[in-house]
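This report refers to the structure that appears directly beneath it.
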Amino acid sequence: MRIEDLRIGNYVDVVLKEKNTTIRCEVIRIDHEAISSDFKDIEDNSVFTVDTKEKWALVKEVATTEIELKNLEFTYDPELYLDMFSIKGAWFKFKAIVGEHDGIYKLFIESRDALHEYIGIPVPSIHLLQNAVADNYGYRLIRRSSKQML
């Protein structure tokens, strides 16, 4: 994982070497100059710093999946149809529409040039989806309680 791809509020997984387990974390501080970031474990709220190449190698993307979309409170609509991509059935939250196209999830942004014409932005991981929604719609995607996490 590269620090340049992260923003405050992004969700990532961190592998704990001593326990050989993975925890879900939220980015709470970023220092690009020091290549350092603080992460909060969303289960127990503990905070730790990642500031070496070895530690950065343990920070992993969270793949965009149906479960993760549910955790971000997207709703699935089987009737939602994006004809230019031949997609029937997609996830939505407010104006954001996410669907699977060519084997990867994409955020579909309505084109400024034509009504009902969409541009598909690949969002194979949750932090990229969070960033794309913030950039295009101006709101943050926040996870449901960790108790509902699967």
**OP:** Using side-chain contact (heavy atoms from CB on, under 4.5 Å) as the criterion, point out the one residue from Arg24, Glu73, Glu26 that pairs with Arg143.
**Re:** Arg24
Original post:
Nearest heavy-atom pair of Lys93 and Tyr139: which atoms, and what distance?
Top reply: O-OH, 2.7 Å
Original post:
So with a 6.0 Å cut-off around CD1 of Ile30, is the heavy-atom count from everything else above 12?
Top reply: yes
Subject >> Non-neighbouring partners of Tyr137 that pass ring-ring contact (aromatic ring centres under 6.0 Å, His included), sequence neighbours left out >> reply: none
Subject >> Flag side-chain contact, heavy atom, 4.5 Å: Lys106 against Glu100 >> reply: no
Original post:
Between Arg7 and Val27, is any pair of side-chain heavy atoms under 4.5 Å apart?
Top reply: no
Original post:
With side chains defined as the heavy atoms from C-beta onward, is the minimum distance between Tyr105 and Leu129 less than 4.5 Å?
Top reply: no
**OP:** Please assess Val59 against Ile3 for the test side chain to side chain contact (heavy atoms under 4.5 Å, CB included), listing each intermediate value before the final yes or no.
**Re:** CA-CA 10 Å; Val59 179; Ile3 193 171; over 6 Å; no
Original post:
Between Trp56 and Ile35, is any pair of side-chain heavy atoms under 4.5 Å apart?
Top reply: yes
Original post:
Between Ile142 and Leu72, what is the shortest heavy-atom contact and its length?
Top reply: C-CD2, 3.9 Å
Original post:
Is any side-chain heavy atom of Glu68 less than 4.5 Å from a side-chain heavy atom of Phe74?
Top reply: no
Original post:
Who are the salt bridge (Lys or Arg N to Asp or Glu O under 4.0 Å) partners of Lys95, not counting sequence neighbours?
Top reply: none
**OP:** Indicate if Leu6 and Ile126 have the same hydrophobic cluster label, given that clusters are the connected sets of ILVMFWY residues with side-chain heavy-atom separations under 4.5 angstrom.
**Re:** no
**OP:** Please identify each residue that fulfils salt bridge (Lys or Arg N to Asp or Glu O under 4.0 Å) with Asp5, with sequence neighbours left out.
**Re:** Arg2
Subject >> Minimum heavy-atom distance between Ala90 and Gly99, given as atom pair plus value >> reply: CB-CA, 4.3 Å
Original post:
If you take all heavy atoms of Met1 and Lys60, which pair is closest and at what distance?
Top reply: CE-C, 3.8 Å
Original post:
Is the side chain of Thr64 donor-acceptor paired with the backbone N or O of Ser125 at a distance under 3.5 Å, no angle test?
Top reply: yes
**OP:** Would you kindly say whether Arg29 and Thr49 are connected by a side-chain donor-acceptor distance under 3.5 Å?
**Re:** no
Original post:
Any side-chain heavy-atom pair from Val98 and Tyr76 closer than 4.5 angstrom?
Top reply: no
Original post:
Ile104 and Ile67: same hydrophobic cluster, using ILVMFWY side-chain contacts below 4.5 Å?
Top reply: no
Subject >> For the student: nearest non-hydrogen atoms of Asp13 and Glu61, plus distance >> reply: OD2-O, 4.4 Å
**OP:** Look at atom CG of Asn20 and say whether more than 12 heavy atoms of other residues, nucleotides or ligands are closer to it than 6.0 Å.
**Re:** no
Original post:
So do Leu80 and Phe108 actually touch side chain to side chain, heavy atoms under 4.5 Å?
Top reply: no
Original post:
Quick one: does Gln130's side chain have a donor or acceptor within less than 3.5 Å of a partner on Leu141's backbone?
Top reply: yes
Original post:
If you round to the nearest 0.5 Å, how far is OG of Ser36 from CG of Asp31?
Top reply: 6.0 Å
Original post:
What orientation do Phe48 and Phe39 show, parallel under 30°, tilted 30 to 60°, or perpendicular over 60°?
Top reply: parallel
**OP:** Taking all non-hydrogen atoms of both residues into account, name the closest pair between Val123 and Leu107 and its distance.
**Re:** CG2-N, 3.7 Å
